[in-house]
2 protein chains.
Amino acid sequence: MSRTRTLNDVAKIAQVSPSTVSRILNGTAVVSPEKRKQVETAIATLGYRPNVMAQALAKGRSMTVGVVTQAISSPFYAETLAGIEQGFADSVYHPMFISGHWRQDKELEAIEILTARRVDSLIILGGNLDDQYLLQLSQQIPLVAVGRFIQGLENQCIHIDQIQGAAAGVQHLIDLGHHRIAHIAGPASHRDSTGRLHGYQQVLAANDIPFDPNLVVSGNFQEHSGLLAMEQLLTRDTSITAVFSANDQMASGARLALYRRGIRVPEDISIIGFDDLFGSSYSTPPLTTVRQPGQEMGNAAAQMVLSLLEHRKLPSLIFTPHLVVRESTTRLRHS
Amino acid sequence: MSRTRTLNDVAKIAQVSPSTVSRILNGTAVVSPEKRKQVETAIATLGYRPNVMAQALAKGRSMTVGVVTQAISSPFYAETLAGIEQGFADSVYHPMFISGHWRQDKELEAIEILTARRVDSLIILGGNLDDQYLLQLSQQIPLVAVGRFIQGLENQCIHIDQIQGAAAGVQHLIDLGHHRIAHIAGPASHRDSTGRLHGYQQVLAANDIPFDPNLVVSGNFQEHSGLLAMEQLLTRDTSITAVFSANDQMASGARLALYRRGIRVPEDISIIGFDDLFGSSYSTPPLTTVRQPGQEMGNAAAQMVLSLLEHRKLPSLIFTPHLVVRESTTRLRHS
DNA sequence: ACAGTATCTGAAAGCGCTGTCAAGAGGTTT
DNA sequence: AAACCTCTTGACAGCGCTTTCAGATACTGT
């Protein structure tokens with residue numbers, strides 16, 4: 001393992017001062033063509049690569065942005081991460097991901113780790129950190145939040161209206177003639193869950209359909225909890241003709257519960273999800289869902305960070321949930 | 001944005017030398033209880049956090065390990081990444097992920113970026129870099145490869161026998177009485193694809209079933225290509241009773257193609273996948289597949305890196321593919 | 001009481017780079 | 001020919017930390 005080359009080595013064999021090499025590397029000042037040539041060949045022959053750590057220390061900027069995600073293997077977050085990565089792709093910055101696992105302590109720890117590395121900026125994906133904390137954190141370091149709306153930091157949040165999204169989904173079901181519509185909610189602690197639940201309730205009310213608490217069961221956003229929730233709904237009430245699941249993963253679990261009982265989708269029961277995960281368009285039947293453009297939002301978050309870092313004015317980005325009708329929902333047959 | 005505190009600030013207000021503070025932080029030497037106390041309170045009142053960049057520069061170790069993955073949003077890789085992250089969780093190291101998108105140039109670029117940051121070690125997930133290059137790279141930096149087997153670097157590879165896995169899957173189909181078994185292969189350029197194809201052919205031969213080239217179609221490991229492949233198989237040959245897909249994602253696409261034509265799974269056609277993605281156990285019907293323990297392999301890769309970095313002897317880890325029988329395969333009914 | 005030893009601590013040099021500052025070279029102007 | 005610019009370049013002081021080295025102190029044993 002040969003010692004790695006330094007800028008000094010380059011300077012020495014190019015017979016110039018380290019400053020000059022630095023200037024060429026960074027384009028910080030004009031350098032005579034001859035010296036530039038010498039330096040360039042020196043760099044080439046040594047195979048020199050600047051040490052980003054040292055640059056970071058000297059410049060006071062690490063060229064990395066920290067991303068607090070919740071779980072790298074969660075399909076929804078993964079799409080967003082891919083968007084973030086793509087958004088930084090041709091910039092000089094690079095993202096570093098750390099998972100918070102939906103636990104506030106882990107998220108705080110993630111932020112510690114990231115700030116100890118002096119990341120230049122932070123992207124927070126969902127999570128349980130409170131608004132107040134993030135608001136204060138944003139005073140110390142440029143940050144953008146994805147999937148949440150923080151009062152006083154509106155311009156640095158990328159989110160979509162969950163209520164509106166849920167409303168669109170449930171209205172679709174109602175338009176198809178359903179009125180016994182169950183809801184598999186997310187965990188009550190999660191603000192997206194409550195938003196979606198509200199959307200569900202609002203649309204019911206708007207359509208004069210009484211809200212029946214028996215028709216809502218909570219899960220934890222994972223497939224298995226959707227399956228359990230569906231089973232519970234089925235034993236509670238047999239008049240259900242449609243279910244609105246707070247995310248695609250639980251919809252998938254619910255769909256399996258139905259399959260096991262021989263209940264057909266969409267003929268017997270219609271299902272609608274939320275998120276539009278990539279795989280949802282390949283489920284059987286392809287899932288009707290409310291799309292949250294995860295990748296685009298991630299990409300936008302990266303752009304926003306870049307603007308923040310370069311003190312450009314922030315792009316104003318608006319994302320709206322969007323109903324994607326596929327084959328898991330159908331018109332209610334009057335029986 | 002208040003200037004962030006440095007070790008010197010701490011030293012000053014604790015009335016000790018910077019060296020002493022450093023010693024306490026790193027446990028490098030014994031320090032008298034009083035000084036330790038002074039320093040600790042100083043750290044607490046200042047809210048001091050060491051600058052990892054500066055530490056890295058001084059120690060010559062960045063405490064980060066670079067991971068070259070292929071696509072962060074690919075379900076299989078995402079599981080592996082989660083395993084890696086978990087494997088480093090209570091170490092002082094942190095992973096930094098960069099995607100190569102299955103393109104050699106991007107992978108090389110990823111390695112450049114990572115080494116410019118002086119990562120202490122590298123984990124390579126699959127990809128198209130050639131063995132020779134990696135073997136040479138491993139001379140410069142501790143590296144472990146996941147999902148590939150490199151001659152001369154066997155101890156630093158974590159992989160499973162693709163042939164054996166495919167064989168197990170196909171044998172399962174044969175045991176159920178199938179002999180018209182199609183294969184949806186991965187891209188020919190991908191070594192896992194060829195391994196799985198060989199496994200398929202070997203088992204066919206071992207059971208005296210003639211290999212019919214018409215029964216194999218290649219996809220690109222994405223869902224859509226599986227759908228296309230299935231459609232093609234269906235037009236080519238109507239006697240197919242089972243299909244072995246080179247991964248779960250294509251199996252999912254194939255399953256959709258069948259659904260569209262009203263062909264039942266598993267009653268009319270049995271399907272078996274490869275990987276055992278988390279979502280596969282929630283497909284309709286739950287997919288029979290050959291499990292590749294992505295998360296465990298990722299975790300093992302992290303452990304291996306840690307061993308390498310601490311010069312401990314390498315754990316010898318053997319992973320084997322494992323048939324997971326679910327509901328997408330069934331005994332052939334003699335018609 | 002004194003050399004010898006074991007402990008703790010600070011000074012200082014550096015890790016690899018950047019950026020300020022001032023000097024030297026060459027060219028203009030009057 | 002003197003005074004003044006403009007350009008390019010090197011010295012040098014950091015960035016925030018670690019680590020050697022040697023000095024200071026406190027204990028040994030004889």
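Below, all heavy atoms of this structure are taken into account, side chains as well, without hydrogens, waters or symmetry copies. A quick note: this is a predicted structure, and the numbers were derived from the prediction, not measured.
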Partner set under salt bridge (Lys or Arg N to Asp or Glu O under 4.0 Å) for Asp275(A), not counting sequence neighbours = none
note = For residues 4-35 of chain B, the ring-ring contact (aromatic ring centres under 6.0 Å, His included) pairs (sequence neighbours left out) are none
query = What residue pairs, at least two apart or across chains, pass ring-ring contact (aromatic ring centres under 6.0 Å, His included) with a residue in residues 23-47 of chain A?
reply = none
query = Any chance CD of Gln104(B) has more than 12 other-residue heavy atoms, nucleotides or ligands included, within less than 6.0 Å?
reply = yes
With a cut-off of 3.5 Å and sequence neighbours excluded, list every side-chain donor-acceptor pair involving residues 46-54 of chain B.
unit_1   : atom_1 : unit_2    : atom_2 : d
Arg49(B) : NH1    : Glu112(A) : OE1    : 2.8
Asn51(B) : OD1    : Met53(B)  : N      : 2.8
Asn51(B) : OD1    : Ala54(B)  : N      : 3.1

Mark yes or no for whether [X], through its side chain, and [Y], through its backbone, hold a donor-acceptor pair below 3.5 Å.
X	Y	answer
Ser193(A)	Pro187(A)	yes
Glu85(B)	Pro95(B)	no
Ser91(A)	Tyr93(A)	yes
Thr6(A)	Asn8(A)	yes
Asp120(B)	Met63(B)	yes
Glu107(A)	Asn128(A)	yes

task = Tell me which residues in residues 24-33 of chain B put a heavy atom below 4.0 Å from DNA chain C, sorted by number, or none.
result = Val30(B), Val31(B), Ser32(B)
Along DNA chain C, first and last positions that approach a heavy atom of chain A under 4.0 Å = dG16(C) to dT20(C)
DNA chain D contacts among residues 6-22 of chain A, heavy-atom distance under 4.0 Å = Val16(A), Ser17(A), Ser19(A), Thr20(A)
ask   = Which ones in residues 47-56 of chain B lie close to DNA chain D, meaning a heavy atom under 4.0 Å from one of its atoms?
value = Tyr48(B), Pro50(B), Asn51(B), Ala54(B), Gln55(B)
Do [X] and [Y] have a side chain donor and acceptor closer than 3.5 Å?
X	Y	answer
Ser19(A)	Ser22(A)	no
Gln38(A)	Gln15(A)	no
Gln303(B)	Asn299(B)	yes

inquiry  = Apply side chain to side chain contact (heavy atoms under 4.5 Å, CB included) to residues Leu25(B) and Leu7(B) and explain how you reach the verdict.
reply    = CA-CA 10 Å; Leu25(B) 252 27; Leu7(B) 177 145; 4.2 Å; yes
query = Tell me, which pairs form a salt bridge (Lys or Arg N to Asp or Glu O under 4.0 Å) where one or both residues lie in residues 86-103 of chain B, sequence neighbours left out?
reply = Arg103(B)-Asp105(B)
task = Please round to 10 degrees the angle between the axis of the first five pairs and the axis of the last five pairs in the helix from dA1(C)-dT30(D) to dT30(C)-dA1(D).
result = 40°
Compile the donor-acceptor pairs under 3.5 Å between side chains in residues 144-157 of chain A and protein atoms, sequence neighbours left out, one pair per line.
unit_1    : atom_1 : unit_2    : atom_2 : d
Arg148(A) : NH1    : Gly126(A) : O      : 3.4
Arg148(A) : NH1    : Gly127(A) : O      : 3.4
Arg148(A) : NH1    : Leu129(A) : O      : 3.0
Arg148(A) : NH2    : Leu129(A) : O      : 2.7
Arg148(A) : NH2    : Asp131(A) : OD1    : 2.7
Glu154(A) : OE1    : Gly152(A) : N      : 3.3
Glu154(A) : OE2    : Gly152(A) : N      : 2.8
Gln156(A) : NE2    : Leu143(A) : O      : 2.7

task = Please list, in 5' to 3' order, the outermost nucleotides of DNA chain D lying under 4.0 Å from any heavy atom of chain B.
result = dG16(D) to dT20(D)
